[in-house]
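In what follows, a structure is listed as structure tokens, so that the remarks can point back to it.
Letters A, B, ... mirror the listed sequences (proteins, then strands); counts begin at 1. Please read all numbers here as calculations on a predicted model, not as lab measurements. All values below come from the heavy atoms of this structure, side chains included, with hydrogens, waters and symmetry mates left out.
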Amino acid sequence: MQVRIEDDLDLKKISASGQCFRWTEISPGKYQIIAQDKCLRIKALREKLFELDCSEEEYNGFWFNYLDLGESYEWIRRRINREKDEFLFLAAEYEKGIRILRQNPWEMLITFIISQNKNIPAIRRSVEKLAETCGQEMTNEAGERYFAFPTPDALAGSRDEQLKQCGLGYRCSYVRDAAQAVADGCLDLPSLKELDEETAMTTLTGLSGVGKKVASCVSLFGLHHLNSFPIDVWIKRILDEQYPNGYPFEDYSPYNGVYQQYMFDYYRKISIRSDTE
DNA sequence: CGCCAGGGACAAC
DNA sequence: GTTGTCCATGGC
């Protein structure tokens with residue numbers, strides 16, 4: 001099916017953004033997205049016109065929400081005042097097209113536990129291997145197989161060597177314990193969406209292997225708490241270098257997480273560029 | 001406090 | 001080719 005999407009949507013930028021690890025560019029401009037047990041192929045035909053290999057029902061029932069198309073990111077960008085904050089303004093201009101996907105909280109919890117102390121290519125490898133090892137085998141619209149993200153039961157019941165072989169290293173027990181908690185019903189992740197962000201953070205950081213950074217990522221990308229602001233080494237550098245007098249969190253509430261994403265991706269790009277020059 | 005755990009990417013030598 | 005550094009968290 002073809003869809004007109006008026007708001008910001010840049011597949012390449014989202015794919016590289018560090019919020020999703022199962023997007024693959026399968027041919028120029030065409031992306032395969034695996035989310036939970038679903039698989040979509042999507043391509044921009046021209047400005048604002050996209051081709052998707054799913055039915056209208058599946059688009060309306062899943063992918064519209066996944067891509068957060070009910071939110072206007074253009075409007076969120078327009079709230080930035082160039083005179084007051086040149087750096088954020090430039091970051092948002094440069095990274096226009098990024099959205100905060102509405103991803104599954106369970107999938108985000110496990111993915112970001114794995115992400116600690118890894119770079120993006122390494123996270124992709126681990127997550128893909130975990131899906132191959134413990135996920136349900138599926139077939140996409142093109143007749144090719146792919147693997148669904150593993151269920152809590154599947155991970156809770158997996159053997160140690162299976163997890164080890166996915167390159168999880170010392171994170172194995174974190175993944176196993178989190179899976180057990182969700183499988184047992186001790187941890188109800190979807191219910192955290194309804195709670196305030198602070199309570200959600202406290203619950204998440206109560207898990208072994210989940211510190212402040214991982215919890216904020218789960219909150220932002222899995223619970224869609226758009227004000228959640230993950231601070232990693234890159235963001236720390238931005239805050240130190242660009243905002244020596246403090247970052248105006250109050251001014252940017254409740255969209256701190258969206259602006260964090262613009263700054264994160266923008267700063268990483270300009271740093272990598274100046275490194276290689 | 002400082003170090004270590006396990007390991008891939010990437011830069012520097 | 002080989003070595004060094006990065007990275008987020010918890011345990012010691």
Side-chain angles (χ1 to χ4, degrees), chain A residues 12-13 15-25 103 105-134 147 150 152 155-156 158-182 186-187 189 192 197-223 225 228-241 247 256-257 260-261 263-277:
Chain A
K12 184 176 179 172
K13 291 204 171 88
S15 172
S17 71
Q19 61 175 306
C20 50
F21 303 94
R22 302 193 78 195
W23 283 45
T24 322
E25 188 174 25
Q103 301 188 79
W106 153 251
E107 184 168 339
M108 290 303 97
L109 175 61
I110 298 305
T111 300
F112 280 96
I113 286 176
I114 292 172
S115 81
Q116 62 181 69
N117 217 356
K118 280 180 181 287
N119 50 32
I120 289 171
I123 300 165
R124 287 180 186 280
R125 276 189 89 244
S126 282
V127 171
E128 211 46 54
K129 246 184 159 184
L130 192 66
E132 282 169 27
T133 310
C134 301
F147 292 89
L155 288 193
S158 63
R159 284 176 292 108
D160 262 353
E161 317 89 68
Q162 287 182 298
L163 296 187
K164 278 262 153 60
Q165 161 211 312
C166 299
L168 302 198
Y170 66 90
R171 307 165 193 80
C172 279
S173 60
Y174 303 155
V175 168
R176 170 71 42 64
D177 291 353
Q180 197 66 58
V182 174
C186 303
L187 176 61
L189 292 169
L192 298 183
E197 305 190 12
E198 202 184 319
T199 313
M201 284 291 288
T202 312
T203 307
L204 290 170
T205 51
L207 300 165
S208 183
V210 180
K212 225 180 154 191
K213 158 66 168 59
V214 171
S216 352
C217 287
V218 175
S219 181
L220 178 58
F221 303 128
L223 304 175
H225 287 161
S228 184
F229 192 89
I231 300 178
D232 71 338
V233 287
W234 295 95
I235 293 293
K236 219 170 267 160
R237 280 174 210 153
I238 292 170
L239 296 185
D240 290 349
E241 291 172 16
Y247 184 78
N256 276 299
Q260 185 269 8
Q261 197 64 28
M263 293 193 293
F264 177 77
D265 292 312
Y266 174 65
Y267 188 81
R268 269 172 62 227
K269 273 181 199 159
I270 59 177
S271 303
I272 291 163
R273 190 178 297 158
S274 55
D275 271 2
T276 50
E277 271 170 6

- Query: Among all residues two or more places apart in sequence or in another chain, which pass the side chain to side chain contact (heavy atoms under 4.5 Å, CB included) test with Ser15(A)?
  - Reply: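 If we apply the side chain to side chain contact (heavy atoms under 4.5 Å, CB included) test to Ser15(A), skipping adjacent residues, the hits are Trp23(A), Tyr31(A), Arg124(A).
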- Query: Quick one: how far along DNA chain C does chain A reach, first to last nucleotide 5' to 3', anything under 4.0 Å to a heavy atom?
  - Reply: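 Contacts span dC7(C) to dG10(C), reading 5' to 3'.
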Sugar-phosphate only, base, or nothing, as touched by [X] at under 4.0 Å among non-hydrogen atoms:
X: Lys212(A); result: sugar-phosphate
X: Ile123(A); result: nothing
X: Gly167(A); result: nothing
X: Lys213(A); result: sugar-phosphate

Could you check whether any side-chain N or O of [X] sits under 3.5 Å from a backbone N or O of [Y], counting only pairs where one atom can act as donor and the other as acceptor?
X: Gln103(A); Y: Gln19(A); value: yes
X: Ser126(A); Y: Cys166(A); value: yes
X: Thr205(A); Y: Lys212(A); value: no
X: Trp234(A); Y: Asp265(A); value: no

Separation of [X] atom [atom1] from [N] atom [atom2], in whole Å?
X: Tyr170(A); N: dC3(B); atom1: OH; atom2: P; answer: 17 Å
X: Arg268(A); N: dA9(B); atom1: CZ; atom2: C1'; answer: 13 Å
X: Asn117(A); N: dC3(B); atom1: CG; atom2: C1'; answer: 13 Å

- Which heavy atom of Phe147(A) sits nearest a heavy atom of Arg22(A), and at what distance?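 The pair with the smallest heavy-atom distance is O-NH2, 2.7 Å.
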- Message: If you assign each of Lys118(A) and Val210(A) to its closest nucleotide in DNA chain C, which residue comes earlier from the 5' end?
- Response: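 Counting from the 5' end, the first nearest nucleotide belongs to Lys118(A).
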- Message: Tell me if the CD atom of Glu198(A) is crowded by more than 12 foreign heavy atoms within 6.0 Å.
- Response: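 Atom CD in Glu198(A) is not packed in, count stays at 12 or less.
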- Message: Whether the Glu241(A) and Tyr267(A) side chains hold a donor-acceptor pair (N or O, under 3.5 Å, no angle test) is what I'd like checked.
- Response: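 The criterion, which ignores hydrogens and geometry beyond distance, is satisfied for Tyr267(A) and Glu241(A).
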- Task: Please work out which of the three classes, parallel, tilted or perpendicular, describes the rings of Phe21(A) and Phe112(A), given edges at 30° and 60°.
- Result: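 Aromatic pair Phe112(A)/Phe21(A) classed perpendicular.
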- Task: Please list, by residue number, the residues of residues 173-181 of chain A whose heavy atoms come closer than 4.0 Å to an atom of DNA chain C; answer none if no residue qualifies.
- Result: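 Of all residues in residues 173-181 of chain A, the ones placing a heavy atom under 4.0 Å from DNA chain C are Tyr174(A).
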